Amino acid sequence: MKLLLVEDNPSMRTTLQRTLERRGMQVFACDDGAAALSQWRGCQPDVVLLDLSLPGRDGLQVLGDARAAGLTTPVIILTARGTVGDKVLGLNAGADDYLPKPFDLDELEARVRALARRSSGSAVVSGDPPQGWCGMRIDPDSGAVYHDGQPLELAPRELAMLRAVLTRPGQAIAKERLFEQVFAGEDHVQPEAIEVVAYRLRKKIAHTGAQLVTLRGLGYLLRTAPA
């Protein structure tokens, strides 16, 4: 697995590079936003670890330029900025995950590997889920979700969450990204509200054979319920 690490703190950059390389990853590193985009294109990484506070161009500018240029590599933002507003800015700019400093290196590795697996399975990342997955499908016209031909009776937020996880069955989706989709355009909603929606949705789809699982530190995953 190839990683691009964009981090201007020399100590942090060296520690992360050495640690991840010891864990079997090939790590390309740079220390400023101006060089990040060209190195991104050059090394074609599987995952990008991107600090926000960079000299030259900050991380959000680098991310925006990369997405505008068609670079779809999964990105984990690493930053000391830990407010909900900063997370929202990063996710809206095209980040896939967000890890505030200081963080646990084992958790970072788990998130990197989860994103790499998700990216390698990108054939089912967008659009309708595989036909017949747990008997559920998304109607392309109405956006309703049907199970065995019958519409599921869901509240709007529950429906938004189910549509999001149904497009990625078996793959973890960051809680922050789901929050943005479920509460789009709603102000003053606490981040913990997504857990309430997940709890209600979990009960309403129990009969379908699908199970909504909470993955600590990674988000939510939709899978087939154990027999």
Side-chain angles (χ1 to χ4, degrees), residues 47 67 70 72-77 84 87-99 110-111 113-227:
V47 176
R67 294 307 190 221
T72 59
T73 313
V75 172
I76 300 177
I77 287 179
V84 173
K87 292 180 181 181
V88 169
L89 284 174
L91 294 168
N92 283 343
D96 298 85
D97 203 351
Y98 197 107
L99 195 57
R111 289 179 183 239
R113 295 193 183 280
L115 272 182
R117 287 194 300 270
R118 182 191 307 172
S119 180
S120 66
S122 59
V124 293
V125 165
S126 61
D128 212 4
Q131 186 65 31
W133 194 88
C134 281
M136 289 190 285
R137 69 175 184 85
I138 302 172
D139 184 277
D141 297 319
S142 67
V145 176
Y146 286 76
H147 175 253
D148 290 343
Q150 298 298 317
L152 292 174
E153 298 295 330
L154 302 172
R157 290 172 177 173
E158 297 160 2
L159 181 59
M161 180 175 241
L162 181 56
R163 282 201 300 258
V165 295
L166 256 182
T167 59
R168 295 180 171 181
Q171 300 175 39
I173 303 180
K175 181 184 290 188
E176 292 86 354
R177 173 152 289 193
L178 278 176
F179 183 91
E180 279 300 291
Q181 295 185 50
V182 172
F183 296 98
E186 297 186 51
D187 297 327
H188 311 301
V189 179
Q190 295 299 311
E192 294 78 13
I194 194 71
E195 298 169 10
V196 177
V197 178
Y199 172 77
R200 293 172 177 167
L201 177 61
R202 190 175 289 120
K203 293 197 298 183
K204 290 186 178 182
I205 64 173
H207 69 286
T208 68
Q211 183 179 49
L212 184 65
V213 180
T214 303
L215 299 179
R216 184 176 178 82
L218 292 176
Y220 292 94
L221 176 147
L222 190 68
R223 70 181 183 188
T224 303

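Note that the coordinates shown come from a computational prediction; the quantities given were computed from them, not determined experimentally.
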> Before giving the answer on side-chain contact (heavy atoms from CB on, under 4.5 Å), spell out for His207 and His147 the whole-Å C-alpha distance, their side-chain angles and the decisive distance to 0.1 Å.
CA-CA 10 Å; His207 69 286; His147 175 253; 4.1 Å; yes
> Do Val165 and Leu212 make a side-chain contact, defined as non-hydrogen atoms from C-beta onward lying under 4.5 Å apart?
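A side-chain contact exists here, since the closest heavy-atom pair is under 4.5 Å.
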> Can a donor-acceptor pair be found, under 3.5 Å and without considering hydrogens, that links the side chain of Gln181 to the backbone of Leu178?
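No.
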> Quick one: OG1 on Thr208 to CG on Leu152, what's the gap to the nearest 0.5 Å?
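Those atoms lie 7.0 Å apart.
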> For residues Ala198 and Tyr220, report the shortest heavy-atom separation together with the two atoms involved.
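Minimum heavy-atom contact is CB-CE2, 3.6 Å.
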> Side chains of Lys175 and Glu195, heavy atoms from C-beta outward: is any pair under 4.5 Å?
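Yes - at least one pair of side-chain heavy atoms lies under 4.5 Å apart.
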> With a 4.5 Å heavy-atom cut-off, do Gln211 and Leu222 have their side chains touching?
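Sidechains of Leu222 and Gln211: no contact.
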> Is there a side-chain contact between Asp148 and Met136 in this structure, where contact means two heavy atoms from C-beta onward sitting under 4.5 Å apart?
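SC-SC contact between Asp148 and Met136 ruled out.
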> For the residue pair Phe183 and Ala193, what are the closest heavy atoms and their distance?
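Taking every non-hydrogen atom into account, CZ-CB, 3.6 Å.
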> Is there a side-chain contact between Ile173 and Leu221, using heavy atoms and a 4.5 Å cut-off?
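Heavy-atom side-chain distance check fails, nothing below 4.5 Å.
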> When rounded to the nearest 0.5 angstrom, what is the spacing between CD in Glu176 and CD in Glu180?
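Result: 9.5 Å between the selected atoms.
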> May I ask you to decide whether Glu153 forms a salt bridge with Lys204, counting only side-chain N to carboxylate O separations under 4.0 Å?
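Here Glu153 does not pair with Lys204 in a salt bridge, since their nearest N and O are not under 4.0 Å apart.
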> Would you say Arg202 has more than 12 foreign heavy atoms packed within less than 6.0 Å of its CZ?
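Yes, the 6.0 Å shell around CZ holds more than 12 heavy atoms from other groups.
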> Rounded to the nearest 0.5 Å, what's the gap from CG on Leu162 to CG on Leu154? Could you check?
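Here the interatomic distance stands at 6.0 Å.
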> Compare all side-chain heavy atoms of Leu166 with those of Ile138 and state whether any distance is below 4.5 angstrom.
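Leu166 vs Ile138: side chains touch.
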> For Arg163 and Glu158, indicate whether the former's side chain and the latter's backbone hold a donor-acceptor pair under 3.5 Å.
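Flag not set: sc Arg163 to bb Glu158 has no pair under 3.5 Å.
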> Return the set of residues passing salt bridge (charged side-chain N to carboxylate O under 4.0 Å, His left out) with Arg67 (not counting sequence neighbours), or none when no residue passes.
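So Arg67 forms a salt bridge (charged side-chain N to carboxylate O under 4.0 Å, His left out) with Asp96.
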> Taking atom CG of Leu215 and atom CZ of Arg111, what is their separation to the nearest 0.5 Å?
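Atom-to-atom, Leu215:CG and Arg111:CZ are 10.5 Å apart.
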> Please report the C-alpha distance between Asp97 and Ile77 in whole Å, then the side-chain angles of each, then the deciding distance to 0.1 Å, and finally whether the side-chain contact (heavy atoms from CB on, under 4.5 Å) criterion is met.
CA-CA 6 Å; Asp97 203 351; Ile77 287 179; over 6 Å; no
